[in-house]
Visitor: 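The structure follows.
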Amino acid sequence: MAHPTSTPLIEVRDVTKHFGSVIALGGVSMTVHAGEVLCLLGDNGAGKSTLIGTLAGVHQPTSGELRVDGRPVRFASPRDALDAGIATVYQDLAMIPLMSVTRNFFMGREPETGWGPFKRFDMALADRITHEEMRRIGIDVRDPQQAVGTLSGGERQCVAIARAVHFGAKVLILDEPTSALGVAQTSMVLKYIGQVRERGLGVIFITHNVRHAYAVGQRFTVLNRGRTLGTHAKHEISMDALQNLMAGGKELADVGAELGGTI
Amino acid sequence: MAHPTSTPLIEVRDVTKHFGSVIALGGVSMTVHAGEVLCLLGDNGAGKSTLIGTLAGVHQPTSGELRVDGRPVRFASPRDALDAGIATVYQDLAMIPLMSVTRNFFMGREPETGWGPFKRFDMALADRITHEEMRRIGIDVRDPQQAVGTLSGGERQCVAIARAVHFGAKVLILDEPTSALGVAQTSMVLKYIGQVRERGLGVIFITHNVRHAYAVGQRFTVLNRGRTLGTHAKHEISMDALQNLMAGGKELADVGAELGGTI
Amino acid sequence: QAGQPTILVVTHGQASDPFWSIVKNGAMQAAKDTNVKVEYRAPETFDMVAMAKLIDAAVNQKPAGLVVSNPDPDALGPAIRRAVAAGIPVVSMNSGIAAADKLGIAFHVGQEELSAGRTVGAELKKRGGSKVLCVNQEVGNAALDQRCKGVTEGFGGPVTVMPTSADPAEIESKIRAALSADKSIDVVLGLSAPLVGERAVAAVQGMGLGAKVKVASYDLSAGFLKSVAEGKAEFAVDQQPYLQGYVPVSSLALKARYGTLPAGHVPSGPSFVTKATAPQVIGLSAKGIR
Amino acid sequence: MTGTLSPPETGQARAADERLKHVSPMAALIRRPELGAIGGLVLVTLFFLSVADPSMFSLAGVMNFMAPAAQLGILAIGAALLMIGGEFDLSLGSMVAFAGLVFAGCLVVWQVPLPLALLATFATAVAIGLVNAQITLRTGLPSFIVTLAFLFILRGLTLVGLKWASGGATQLRGVKEAVEGSVLAPLFMGHTFTGLFSWMAERGWIARFDNGQPAVTGIPIEILWFIALTAVATWVLLRTKYGNWIFAAGGDAKGARKSGVPVARVKIALFITTAACAALVAVLTVLDAGSTDARRGFQKEFEAIIAAVIGGCLLTGGYGSAIGAFFGSIIFGMVLIGLTYTGIDQDFYLVFLGGMLLLAVIFNNIVRKRVTGER
Amino acid sequence: MTGTLSPPETGQARAADERLKHVSPMAALIRRPELGAIGGLVLVTLFFLSVADPSMFSLAGVMNFMAPAAQLGILAIGAALLMIGGEFDLSLGSMVAFAGLVFAGCLVVWQVPLPLALLATFATAVAIGLVNAQITLRTGLPSFIVTLAFLFILRGLTLVGLKWASGGATQLRGVKEAVEGSVLAPLFMGHTFTGLFSWMAERGWIARFDNGQPAVTGIPIEILWFIALTAVATWVLLRTKYGNWIFAAGGDAKGARKSGVPVARVKIALFITTAACAALVAVLTVLDAGSTDARRGFQKEFEAIIAAVIGGCLLTGGYGSAIGAFFGSIIFGMVLIGLTYTGIDQDFYLVFLGGMLLLAVIFNNIVRKRVTGER
Ligand SMILES: Nc1ncnc2c1ncn2[C@@H]1O[C@H](COP(=O)(O)OP(=O)(O)OP(=O)(O)O)[C@@H](O)[C@H]1O
Ligand SMILES: Nc1ncnc2c1ncn2[C@@H]1O[C@H](COP(=O)(O)OP(=O)(O)OP(=O)(O)O)[C@@H](O)[C@H]1O
Ligand SMILES: [Mg+2]
Ligand SMILES: [Mg+2]
């Protein structure tokens, strides 16, 4: 499923990112190919969101290089990344609580109708699409004109995911999309990820749930304290080994035993 | 482990909650006893956070009754609930991004030193406790004076949990505490929940992860669209049955099969 | 009561301005004395656009007479013309004497700020001043700006305009600053006795410059007049604002009852209150009559 | 990839959600935040109807308080858009004075024809709006403090410029003479529908003065501008993508940027729009008064923000409406002029203004909460 | 349940985190947001040192600009605390006038002794602060609009009250005579350390006037109040739990409430504190001038907010410092008075004020960003 010989859709080369005196990324490299799901794993604070931020144009890397389709790029803003076909679900969702679900869904990419100076935001179409996409993910919004601030945590996450999936063009980045989701919604999202991959997009999927990762991922990159611990294809590594790698080895054995391997 | 004969620590009787025209809770009843972990399960938007909000004094119920130690109470503010010994981790964490980790940790319950009008916030002690409690949960904060806004999603969640655990007196409420946590931190938190229970506190634990729930819970209450589907003790229900109940029956079977039972 | 004629007064001075509060007191006293109803209106800042609307609003109420101040005949002219067209007798006061005849105003009471300023400038020269600091507490208020301009023309020597806010601490500090930065200033002229004049006396006395720097001010206040009486200040310029309020109202009351009106303009100032005359005026000034 | 994923198997099509209380279509219709501002307006109107001279609500009286309300309102619409977009412009009032100086200076001092003077005035405003925006965006300082600096700077420059242009005074006159006969003038000065009004006066439908002139000669042109701008702003806010961007930029600039909204460009456009509104008011008032002075527009930035807040705009951005600002301006204009029609002493003017504001806003708030349900 | 859980097995004790760049203790020391305001002050001072008359920085010159800065500063400290707590008080300036009326009225009209007059003044201020707070909290309206209403109402009441108290004038005088000999008076008027200063003048360490009087007779009492209040406010903000509550209430009122911070009580206390600061300024200025008038404190609310923002307070609440407001007030006071010492045409007064403000704030911002690292 991975295509090691073809040009990767996205290539990250030795990227570092400093915030003031904090070194959030200390040299990370990674590739994503078309038609594959790359899972990004790692402990809290490992730097996953920061790495994703540099790919989505939110942060500019302190050093290192990004390549899209083999060409070096610099994203000055998230808009640049979107224009390059990279859609992202952010861990903090990037939604405006006071705005309606529909307005949030289409924020920055509003469908228009009419001509010339009388072009207008096609609200009817937008409402319809929003309602449909939300239903698909298993949420029946009462009213797409309802403010996002009144949605539950999981419902909000669903809006963010539905939006990214709807607009994803070449690469879809999902930062812990399933963390607040119920069982039905989670399985929906995982199925979606599979469908998206089959349609030839590259997906970067961040999660703490190794089962979820193992269910949809082809390759697994583990970050630890701002550095890559290496990338493994699915056939090279077992779920338990992945789990251990992610949490830093032996610590987990104890805990796992104690809680009856249920984590 | 549940004590059906003793007075429950917390009893919820037929509580409803309306937001304008939205009926978020349509009559919910539930009890929590000392020394037990009650898991609250349910789909996105089922009303779990709203129910918790009424227990924590954030919302006032539209109708119905709350009892603490058998006495009916009305919490006018979260402070009342805290004073009654109920500590809560909110799904949205309730932290101030611009303030330091220590200041957030002790917000509302600052340790003081000195006397009379010269009483002051004992910052050295607070820093030490914060650092210690965070280390326990597996996060080594670089500097407790760092602003919470600069922490990663999981690190922030850890601050919220450590705070609630530290101040929990009688009842500890956790609204999806493990959703953004890494493997090591998750196992830490689950172990904590077990320890807290053993020390005789009542715990209400909200999660979407049935494994987590099953690992630490004694009883399971399932909410669906604002109503209770019933409460089951651990020995009465299997993990799979719980999973099905939570997601609404047959839907899950398909999905589970497709993804190889990995959710 | 019914049958009581209503006279409306619209001016450009806020009710809280010491000068205009005296004008208002005069108008209200005239109302009492001549048994008419007077309503006094003014915009809250020097705002010609708003004032024109207030005149329009007054015209809508068809009063028996209208009193206006007219610091900007261009802006207020059309509204005044409308009043005249509506058959309302209009008297202007304080400012706008030059435009009075053109607009069909019955007569004018007051003194043009510009010419009053010239007289003050000349008086300061006569008293031996060589460089004047003109302290303006509300720059952009055209009426106040004209006071300084007139002084400049009448004085014939260097006059520095110093803009300040109406804050007493700031005014005193700035006067001190100006006096220590420019030692050649020997006259401080305030445009308002209570706001600036009293502070100027305090600054000059505080710096021990009483012998060298003369202080004078427009308008009256009890505190400033006391300084004049004690010789700490030279004089206060009196435009007789009470008169500017009283005369138009009482004349319009007579007009409403008997159809009589003075045939010419009434000059109301400037007059100077000096050391000799100050003591008699203090008490009246503290009551807002002078 | 719209619509290419497999259709949902799980979405049970539910006709109605049992978790929604029944709401009548009427209640849904009035469930708009603007209703609050209308409520405030009704309250204030009722108050004046009961205590003020009846001439206040004659045709002439209404035109009389609508004219200043319209001048304020044009600024308030600009301020409201900018506030929704998350920024302030405190230089608005000084901008009116400065644009007035440029406009009157062009006409009177340089004897430039009206169209060119208009061009110069609006160009100046756009340039200053751009400077405000650039400094705010580049430095990351709050726009409050940046535009505050320009409040002082522009007011000061107006004073200096006026003294220079008029040879020492702070008033510049003679504008009406300068624009006489220009074809563009009727767009910015005087009244419209004058023919209609004198026809109505002839029939006796409108009150006339003793000399036979109608009491109202037409609709002051600023009222038409005000209505037109409100309509355009409402349309942009609610019906175009730019409106969505404005709400997003003000609601959460970071989140909006992440979603691809060109936040910087939106804010620049808003600063420029606001400055252009100020220039429009400058042109209207200078032509109306025939003169300009150094105090023009004094504290108007403040009043504009008040009107916008009365109309329901949040100071923190991301929420509000142009219609709200429209009604807010009318409330403010009505209270401002209304006292004249009552017998209340002028000394109580400010007490009255403050009290009415508070009442209108509290009432507005109650109505809004009532119609939109518990928060 | 502090410290009763089992100790961590997983926390690898790490001496230093490899993900921290090395930072010298010096750099850590200066990594405080206040440094920005100090930077702005240094810039402004350097500017005046190079262009202004040297008498500006003589002892007398410094006292001269510090006195108004201190009066503004006392208000700014209150405004800053309130802003950090997430609210505004626009009635601050009118409050100064109203408290001044109450104070002078007690002394002059009712001939009440000074301690009782002080009590009445502060009680009035506390009551009005409480009203502001209650209306804001009960209605949920923005404090901006509520206190704005009181800006008007209090200013209006002051005028009405003054006319009543003085029998028709807008000034009430005779305060100095009324407090003569009171033991409390030196706490609120005149200068301190006068003995020291005349001793220094005798040695020739202080310049003397031609009449032999020392140029500076002592430190104006308001400067001491200013410094004392700054110290107390800083201590409360940084070292007490109340400070934590203030930051929390302003940073996110909902979150703070959920964590058990008594947000409403904190805000009430802040409104009252701010009103009390205004009353203190009223007492100081009334005793200083010996009279009060209807324009006292005009637009001071505005200047206080400016000073707080120059000092780094965020308008959105939750961030700022009393020290910052301290330096902000001094910057503002210095710029306000400073131009008089330079040879620049006084007509440029406002241009200069705006320009210097902008420069100081931009510089402040650059310094702060530099020292606290990339955002
Ligand atoms: N303030 C509000 N106004 C209107 N509707 C609300 C409000 N708060 C919650 N709701 C609605 O009430 C329902 C229950 O919300 P709640 O947050 O309790 O769900 P939850 O069970 O916690 O879901 P999740 O697992 O996604 O966190 C949701 O459908 C939500 O849209
Ligand atoms: N703006 C910032 N300033 C300072 N430090 C920051 C900033 N943003 C992130 N960091 C730090 O960088 C590190 C990496 O953060 P990041 O959010 O990338 O972690 P993550 O892998 O996404 O963690 P999680 O799984 O908890 O979301 C964290 O230790 C965090 O404290
Ligand atoms: Mg993250
Ligand atoms: Mg929830």
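Chain naming here is simple, since letters A, B, ... match the order of the sequence lines and numbering starts at 1 in each.
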Visitor: Quick check on A/I139 against chain B: is it the side chain, the backbone, both or neither that has a heavy atom closer than 4.5 Å?
Guide: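 Side chain only.
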Visitor: Can you tell me how far the CG atom of B/L181 sits from the CG atom of A/N209, to the nearest 0.5 Å?
Guide: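 Result: 12.0 Å between the selected atoms.
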Visitor: Between B/N44 and A/A180, which heavy-atom pair has the shortest distance, and what is it?
Guide: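 Looking at all heavy atoms of both residues, the closest pair is ND2-O, 2.9 Å.
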Visitor: Name each donor-acceptor pair under 3.5 Å that joins a side chain in residues 228-236 of chain B to protein atoms two or more places apart or in another chain, with its distance.
Guide:
{"from": "B/T231", "atom 1": "OG1", "to": "B/T221", "atom 2": "OG1", "distance (Å)": "3.0"}
{"from": "B/K234", "atom 1": "NZ", "to": "B/Y214", "atom 2": "O", "distance (Å)": "2.7"}
{"from": "B/E236", "atom 1": "OE1", "to": "B/A233", "atom 2": "N", "distance (Å)": "3.3"}

Visitor: Among A/G42, A/G154, A/S152, who wins on heavy-atom pairs under 4.5 Å with chain B?
Guide: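 Ranked by heavy-atom pairs under 4.5 Å with chain B, first place is A/G154.
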Visitor: Taking A/Q157, A/Q185, A/Q91 one by one, which has the highest count of heavy-atom pairs under 4.5 Å against chain B?
Guide: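 Most heavy-atom pairs within the cutoff with chain B belong to A/Q185.
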Visitor: Closest heavy-atom contact between B/G182 and A/D43?
Guide: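 So the minimum-distance heavy-atom pair works out to CA-OD1, 4.0 Å.
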Visitor: Applying side-chain hydrogen bond (donor to acceptor under 3.5 Å, both in side chains), can you list everything that pairs with B/T16, at least two apart in sequence or on another chain?
Guide: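 B/T16 satisfies side-chain hydrogen bond (donor to acceptor under 3.5 Å, both in side chains) with B/S63 once adjacent residues are dropped.
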